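Small disclaimer: the values here were computed from a predicted structure and weren't measured. Just so we're on the same page: letters track the sequence lines, and every chain starts at 1.
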Amino acid sequence: MKYWSQTFIPTLKESPADAEIASHKLLLRAGLVRKLGAGFYTYMPAGLRALRKIMDICREEMDREGATELAMPHVHPVENWQDGPRWAAAREIMYRVDHAGAGKNFYQITTKFRNEIRPRYGLMRAREFIMKDAYSFDATDDAAIESYNKMKRAYTAFFTRCGLKTISVEADTGVMGGSFSHEFMVPAPIGDDDVVYCDASGYAANREKATSGIIPADLKDAAPAGSVEEFPTPGIVTIAALEAAPYHVSADKQFKTLVFMGDGKPFLVIVRGCDDVEEAKLGSLGFQLWRAATPEEIEPVMGAKPGSLGAVKGTIKNPGALAGIFADHAVRLVGNGTTGANKDGFHLRHVNVGRDLAITQFGDFRRVHAGEPCPKCGQPLKIDRAIEVGHVFKLGTKYSEKFGAAYTDDKKQSHLMVMGCYGIGISRTLQAVIEQSNDADGIIWPWNVAPWQVLVVNLDPQDAAATDVAKKLAAAAEAAGADVLVDDRAERPGVKFKDADLVGLPLRLTVGGKGLKEGIIELKWRTSKDVTKVPLPDAEKIVGDAVRAAAKA
RNA sequence: CGGGGUGUAGCUUAGCCUGGUAGAGCGCCUGGUUUGGGACCAGGAGGUCGCGAGUUCGAAUCUCGCCGCCCCGACCA
């Protein structure tokens with residue numbers, strides 16, 4: 001039991017000017033955090049309590065799936081960082097596992113520092129933040145997949161217990177590399193990722209990874225409609241211009257040919273004129289680094305400037321320079337189409353995918369748009385903004401090779417460990433909970449992560465009878481398993497009620513002289529507008545029952 | 001790092017264009033009246049106007065530099 005007057009919950013009537021989104025304003029207004037500088041926040045007593053609850057739930061769910069916690073130093077020898085973006089942690093662990101054997105999953109919950117390019121939205125993107133990270137080491141691929149699935153299960157349980165609605169989506173592995181990964185996303189307009197999903201089939205993927213079912217399974221490539229024919233297009237360098245009069249070639253009948261540089265060598269990507277390349281998908285081509293080519297790089301290879309490019313056999317000036325010509329599957333929908341002639345001011349028509357284009361390899365390179373058919377069930381896909389709160393990667397042996405994480409089997413043979421890597425943004429989760437659960441009056445804490453679960457508002461703290469009842473109610477709630485805060489401040493009722501709504505503890509019990517005269521106290525859930533009058537003799541029992549019911553829900 | 005803003009009391013801000021005594025609301029302190037949804041009256045404390053140069057008789061205000069912070073873009077949990 002904690003008295004408001006003894007802790008420090010500096011609530012604010014107005015929100016500071018630099019807070020923009022609801023959760024950031026509420027973090028500050030409810031006295032949970034205070035800003036020290038851009039991306040640096042002090043956790044005030046109530047904020048720290050909520051944070052600890054989230055960490056504890058995380059530990060319970062990690063431990064339940066067999067992971068084990070350790071703590072590593074914040075300061076690392078610089079050599080550890082020379083081989084990769086963030087591998088000091090894994091490397092430290094791997095030295096031990098060499099000898100300890102496979103089948104382990106280590107995690108830690110620590111403060112991380114990132115030189116965040118643009119801190120914003122409070123704890124959502126901070127330069128100092130709290131993260132749980134875990135690394136699993138297994139002897140076989142099957143065991144690694146099992147570890148991965150355990151972590152997915154732990155994450156799902158963790159976010160559910162935090163009262164957070166997340167969707168797990170297939171994700172690009174990005175700089176971490178690895179075989180496959182899932183992100184746990186919280187839908188939110190401030191998110192910096194796009195999530196593509198289908199309510200009907202449950203399909204969900206990060207836009208960087210998402211595919212759609214726009215190509216019918218029974219699609220037959222169009223028969224050639226005539227031989228390739230060059231025609232003059234003076235000054236025409238855009239898809240849109242070719243769609244207009246006098247050409248009238250709709251974008252979905254055009255081939256868009258783009259030039260990229262992959263590890264210093266140019267390569268081509270062909271998509272439909274109406275499609276965009278999803279650059280993250282080019283990672284599947286095996287290049288370490290890739291980017292769009294510059295006009296200066298393009299012309300010597302292709303023989304024309306951007307706007308007149310194509311990949312028809314025999315038209316590319318220096319095909320030997322290319323690392324490959326990669327076409328998105330969807331170009332098969334074009335059939336006989338139009339593309340650049342690799343000659344400024346000219347295009348080619350009657351271009352047939354199979355017959356005419358010099359394609360090395362087909363692949364999935366296009367960006368998915370809302371409304372396209374779901375790859376699983378064909379229903380229209382939706383796209384929403386979301387923020388990432390967790391990420392699980394199956395890494396394979398990429399890093400165990402690099403850092404020599406191996407085990408010795410019973411035949412004295414050495415094998416590389418199959419690894420996984422799993423992160424949760426703990427402090428971000430805290431704010432995501434608030435972002436997802438608030439109203440015009442303040443925060444609406446889910447039971448399990450509320451700084452305290454029950455607030456006893458004593459409207460007349462100078463009155464001995466009211467104070468006595470308040471203490472008894474608090475004790476009853478505590479005995480039933482709740483964390484209890486008692487508002488014993490000498491404030492006017494209006495102030496206390498406003499603060500109660502703002503701070504948002506799930507269950508409010510109000511004790512005051514007026515109610516006591518009637519022989520009642522009041523019980524109110526933060527999620528509801530209804531106030532229940534509870535007769536004094538039953539109050540302790542009813543409060544206890546309410547607490548137990550809420551904890552179970 | 002590029003573009004756009006902004007910096008005045010603990011918080012929200014007016015004043016800046018057109019140089020001349022730094023003002024309000026909230027919060028805080030004192031006294032009184034109130035007392036179940038951010039009360040009212042009276043009094044009070046609290047400011048290197050981000051920092052440093054410059055122009056000027058005189059700078060919160062104009063000029064230059066630096067710093068902080070916020071917003072829009074590419075990286076990350």
Side-chain angles (χ1 to χ4, degrees), chain A residues 10-21 24-25 28-29 31 34-40 54 58 85-86 109-134 155 158-159 166 171-172 174-176 181 183-186 190-193 208 279-280 291-292 386-393 421-432 441-442 457-463 466 487 489-503 508 510-518 520-522 524 529 531 533:
Chain A
T11 57
L12 301 169
K13 242 186 231 187
E14 294 171 287
S15 51
D18 54 8
E20 211 193 359
I21 61 170
H24 188 191
K25 288 179 186 165
L28 294 161
R29 288 192 54 212
R34 267 193 187 170
K35 186 166 87 168
L36 193 63
F40 297 106
I54 290 172
C58 181
R86 62 155 88 147
I109 296 177
T110 51
T111 299
K112 300 275 177 187
F113 303 89
R114 288 284 141 67
N115 199 5
E116 176 66 46
I117 303 171
R118 184 145 100 84
R120 57 183 139 171
Y121 304 134
L123 302 179
M124 285 292 193
R125 283 176 168 220
R127 284 151 87 185
E128 182 186 298
F129 59 95
I130 298 169
M131 175 172 154
K132 187 279 307 178
D133 54 336
Y155 277 36
F158 165 74
F159 289 119
T166 57
D172 188 72
V175 292
M176 300 288 285
S181 83
E183 289 170 338
F184 287 78
M185 311 294 282
V186 176
I190 55 114
D192 33 30
D193 285 295
E208 294 182 347
E279 287 199 29
R291 58 169 173 83
I387 182 125
E388 180 184 356
V389 286
H391 205 155
V392 294
F393 295 87
C421 160
Y422 319 94
I424 288 178
I426 297 285
S427 43
R428 178 179 283 182
T429 297
L430 170 67
Q431 188 171 343
D441 294 317
V457 180
N458 182 358
L459 293 178
D460 298 291
Q462 76 294 342
D463 179 284
D487 188 352
R489 295 174 299 168
E491 288 287 350
R492 298 170 55 84
V495 173
K496 295 190 166 195
F497 289 134
K498 286 290 184 188
D499 273 348
D501 290 342
L502 178 57
V503 175
R508 187 184 87 190
T510 308
V511 181
K514 194 173 135 187
L516 292 184
K517 260 180 220 152
E518 269 183 75
I520 57 111
I521 59 106
E522 290 165 14
K524 180 184 174 298
K529 294 245 177 294
V531 175
K533 295 186 176 183

Exercise for the section: Please work out if A/A432 contacts a base, only the sugar-phosphate, or nothing of the nucleic acid, heavy-atom cut-off 4.0 Å. Expected result: nothing
Completion exercise
When rounded to whole Å, the CZ to C1' distance for the pair A/R118 and B/A74 reads 11 Å
Problem - A/D501 backbone acceptor or donor facing A/D441 side chain under 3.5 Å - result: no
Exercise for the section: Please check if the side chain of A/Q431 supplies one atom and the backbone of A/L123 the other of a donor-acceptor pair under 3.5 Å. Expected result: yes
Exercise for the section: Using whole Å, report how far CZ of A/R291 lies from P of B/A74. Expected result: 19 Å
Handout entry: B/C72 phosphate, OP1 or OP2, under 4.0 Å from A/R120 side-chain N/O
Key = yes
Problem - A/R428 side chain vs A/M124 backbone, donor-acceptor pair below 3.5 Å - result: yes
Handout entry: Distance in angstrom units between A/E208 CD and B/C75 C1', rounded
Key = 11 Å
Handout entry: Whole angstrom value for the distance that separates C1' of B/C76 from CZ of A/F113
Key = 16 Å
Problem - Opposite nucleotide pairing with B/A74, Watson-Crick or G-U, both atom distances under 3.5 Å - result: none
Problem - B/A45: pairing nucleotide in any strand, Watson-Crick or G-U under 3.5 angstrom - result: none
Practice task
Specify the separation, in whole Å, of atom CD of A/E14 and atom P of B/C26.
Solution key: 10 Å
Exercise for the section: Compare every heavy atom of A/G423 with every heavy atom of A/M131, then report the nearest pair and how far apart it is. Expected result: CE-CA, 4.5 Å
Completion exercise
The contact string for nucleotides 33-40 of chain B, one letter per nucleotide 5' to 3', using protein heavy atoms under 4.0 Å with B, S and - for base, sugar-phosphate only and none, comes out as -B-BBBB-
Exercise for the section: May I ask you to decide if A/E491's main-chain N or O and A/K496's side chain share a donor-acceptor pair within less than 3.5 Å? Expected result: no
Exercise for the section: Have a look at A/Y422 and say if it touches a base, only the backbone sugar-phosphate, or nothing, with a 4.0 Å heavy-atom cut-off. Expected result: nothing
Practice task
Assign the ring pair A/Y155 / A/F184 to parallel, tilted or perpendicular, where the plane angle (0 to 90°) is split at 30° and 60°.
Solution key: tilted
Practice task
Return yes if some donor-acceptor pair links the side-chain N/O of A/T510 with the main-chain N/O of A/V457 below 3.5 Å, else return no.
Solution key: no
Exercise for the section: Could you tell me whether A/S15 contacts a base, only the sugar-phosphate backbone, or nothing, with contacts defined as non-hydrogen atoms closer than 4.0 Å? Expected result: sugar-phosphate
Practice task
Please check the phosphate of B/C70 (OP1 and OP2 only) for any side-chain N or O of A/K35 closer than 4.0 Å.
Solution key: yes
Exercise for the section: Grab the OH-C1' distance between A/Y121 and B/G73 for me, whole Å please. Expected result: 12 Å
Handout entry: Spacing of A/D193 atom CG relative to B/A74 atom P, expressed in whole Å
Key = 11 Å
Problem - Atom-pair distance (CZ on A/F40; C1' on B/C70), nearest Å - result: 16 Å
